[in-house]
Amino acid sequence: MTCSLVHRRWQLEGQLQGVGFRPFVYRVARELGICGFVRNDCSSVTIEAQGEPDLLEQFIMRICRELPPAGRIMHISREELPLVELSGFEIRASRGDSRRRPVVTVDTAVCDDCLRELFDASDFRYRYPLINCTNCGPRYSIIRAMPYDRINTTMRHFQLCEKCHQQYANPIDRRFHAQPVACHTCGPRVGLHDMAGGDICWDSAISAAARLLGDGRIIAIKGIGGFHLACRADDEQAVTTLRARKARDAKPFALMCANIDVARRLVHLGAEAQRELTSPAAPILLARKRALAGIIAPSVAMGNHSLGVMLPYTPLHHLLFAELAPRVDLLVMTSANLTDEPLVKDNDEAVARLKGIADAILLHERDIERSIDDSVLLDMGAGRRPLPIRRARGYVPGIIRLINHPRRKHTEGLCVGGELKNSIAVVRDDEVILSHHLGDLKHALAYEYFRKAIEDMCRLFEVRPAWIAHDLHPAYLSTQWARELAAKLDVPLIGVQHHHAHAAAVLAEHGIAETALAIVCDGVGYGTDGTAWGGELLLVNGASFARLAHLRPIPLAGGDAAARDTRRCAAGVLWESGASLDGLLDDRPEQAMLSAMLERGTNVVRSSAAGRLFDAVAAILGVCMTNTHEAQAAMALESLASSAGPVKQLRIPPAKDLDLLPYIAALRERRARGEEVAQLAAEFHEYFARSWAAATIDAAHATGVKIVGLSGGVFCNEIVTRRIAELLDLAGLRVLRHEVVPPNDGGLSLGQAAIALAREDV
Ligand code: ZN
Ligand code: ZN
Ligand code: FE
């Protein structure tokens, strides 16, 4: 042994278990001729190695750089050890003693190696629809308890055959300890359930399903986190039938494309968006659509400028497209559930709940432990990272670390999120683990799912909440449940203001703990004064915030009813700016009633929510009169605006004081005078962005604060987000927008966590 040898230990944290990390380390060590071992320690991975210092440096660099696709390193610590006698490199058995911080990995799209085997006639898993390995396949959706071993997954009933077991037990095999490993002989089968006949056919199920799809039928398909409903995207009759049967309004359907070339034919994809689309997370990407006449049926995405596309991500999807080729390379793929309810996940449940909706169900025998939707991201254009809209499959339960954050004494806690697009979060030390999108809690099924998710996550991640954070809104079901739970557990409650939480979420993503400004624009949130907020300029300092400015509120007749009826928002704007309501509603008695309500102020709620201004403009320009789904009018308005192209000049100066009402009221006359509505819609977006930029730049001068976070559901609007960011950037401010959690209420629980950890009074 020469004295130039060193002995070193690295402790690696991150997503490293169940991703083929140890065999990978083993291979690299063997290639470099390094002695030592690698071992899983439940929450981290330990590597010890002895060799020349240069070689060890090369070793750890390669490990960081060449990581398996599903792996992620979040933290490495290094320690020098005394030299010992070592020979060879080995994979040591897991040590279960330090089981303090279990880490679960995400569900991952089928990898290239498995795909090759899937279509290789000489491989024993040729055409096996549930093929997977340590680099790919289901994880979070099949795990029942920690540690992540087969016995703790929904694969526990399937006994490995000899061939599979050999691979499973071989440290240098790609399937070493791949828990869901299976084959034709030993694994779950795929079958086609005929809804008319009522029985399951286990032979040639996939080709039978492909035939039915080709003929224009609607087929439910079991994926990773639940069932989809699928039909041909070029068959107008099939698409309208699907819409009718699912009782789905005008909301666009997502499309699954046979491959990336098909996707590129449909939408414009920037490099960043394409990278995300083809990543192991395999999300739905919303991108600007091309001229598609004749390629997709008109009712797939009516009147929308963007289209959601995804790629096949299970081997079953790939086999299906292989059968459909070359006639069909595009399928409508929509979650098999009612909007904002949890996805259908069990075979029996699918048969019961999809009666009258699907003609047949393509299912398999691998159970899904928790239903997880597809994730949705929005393409923000070249050079910008896509914006998360719905965070679910492929991203959860990824850990978000709060960098630079003050630590409380009891750091284990629970955040229950908001009400719409709910997500919850468990907190341990500086780690926040967000649940997937749980839906709208007002739906009974989603509320039940929310309560189960709390139990599930606390158990799985071994978190015993010492506090519970919730939204200030007293009527949110999440708030009510937080109260019950806090009483039961005898722990303190931490109420967090809605927009403060939005702001804290975007700051937390970027590791900002210092004082920052935030523009928070959304549909509605409960203010500290008990009124409805939603267009706020905040000065945020950890656990506290100041409301520096806000949009001028409008009176909304009928309160919540105004969120559905955009004309009520228009009436509020016109009324408040002293303009006439005449002719706004076709129905005269209705209009008289509305006027009377505004006059007397009975059942009128004042709201500073930005979302309501978009609604008002949509109504005034005749774009959309009812919101059958959240933000429908705003999205229609954005589509219209983007058809007009960018606006260079404003005719009137922006509203520095955030009073946009006179401008909006005047749009009515301008439209009546014959100005083009698309142009007006585009101009409103520019006016909105410039007004916010002006107000924010003023506040930055006044406070000396140079960081601005953008959050709230309105920042799902690409034009608004891009323009405000550009304008603030030009003014020398540092602009932060969401890249990890959604700007909408799906990201609230992260903000609640950041604020709760900064609070010292609880
Ligand atoms: Zn694989
Ligand atoms: Zn097998
Ligand atoms: Fe919100």
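Only this structure's heavy atoms are used, side chains among them; waters, hydrogens and symmetry mates stay out. One-based numbering, in listed order, for ligands and for the atoms of each.
Rounded to 10°, the angle formed at the Zn ion (ligand 1) by Cys136 SG and Cys133 SG is 120°.
At a cut-off of 2.8 Å, Cys183 is counted among the residues with an N, O or S atom near the Zn ion (ligand 2). For residue Cys161, an N/O/S atom approaches the Zn ion (ligand 2) to within less than 2.8 Å.
Looking at residues two or more places apart in sequence or on another chain, you find a salt bridge (charged side-chain N to carboxylate O under 4.0 Å, His left out) between Arg62 and Glu31, Glu66.
Ring geometry, Tyr313 versus His317: the interplanar angle exceeds 60°, so the pair is classed perpendicular (tilted spans 30 to 60°).
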* To do: For side chain to side chain contact (heavy atoms under 4.5 Å, CB included), just list the numbers for Arg174 and Cys114, CA-CA rounded to whole Å, side-chain angles, deciding distance to a tenth of an Å, and then say yes or no.
  => CA-CA 10 Å; Arg174 204 175 87 242; Cys114 285; 3.0 Å; yes
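For the Fe ion (ligand 3), the tally of protein N/O/S atoms lying closer than 2.8 Å stands at 4.
Neither side chain, Asp113 nor Asn135, offers a donor N or O lying under 3.5 Å from an acceptor on the other. For the 3.5 Å distance criterion, the side chains of Ser478 and His470 fail to qualify, holding no donor opposite an acceptor.
Of the charged side-chain nitrogens involved, at least one lies within less than 4.0 Å of a carboxylate oxygen, so that Glu117 and Arg175 count as a salt-bridged pair.
Among all heavy-atom pairs drawn from Val190 and Ala205, the shortest one is O-CB, 3.8 Å.
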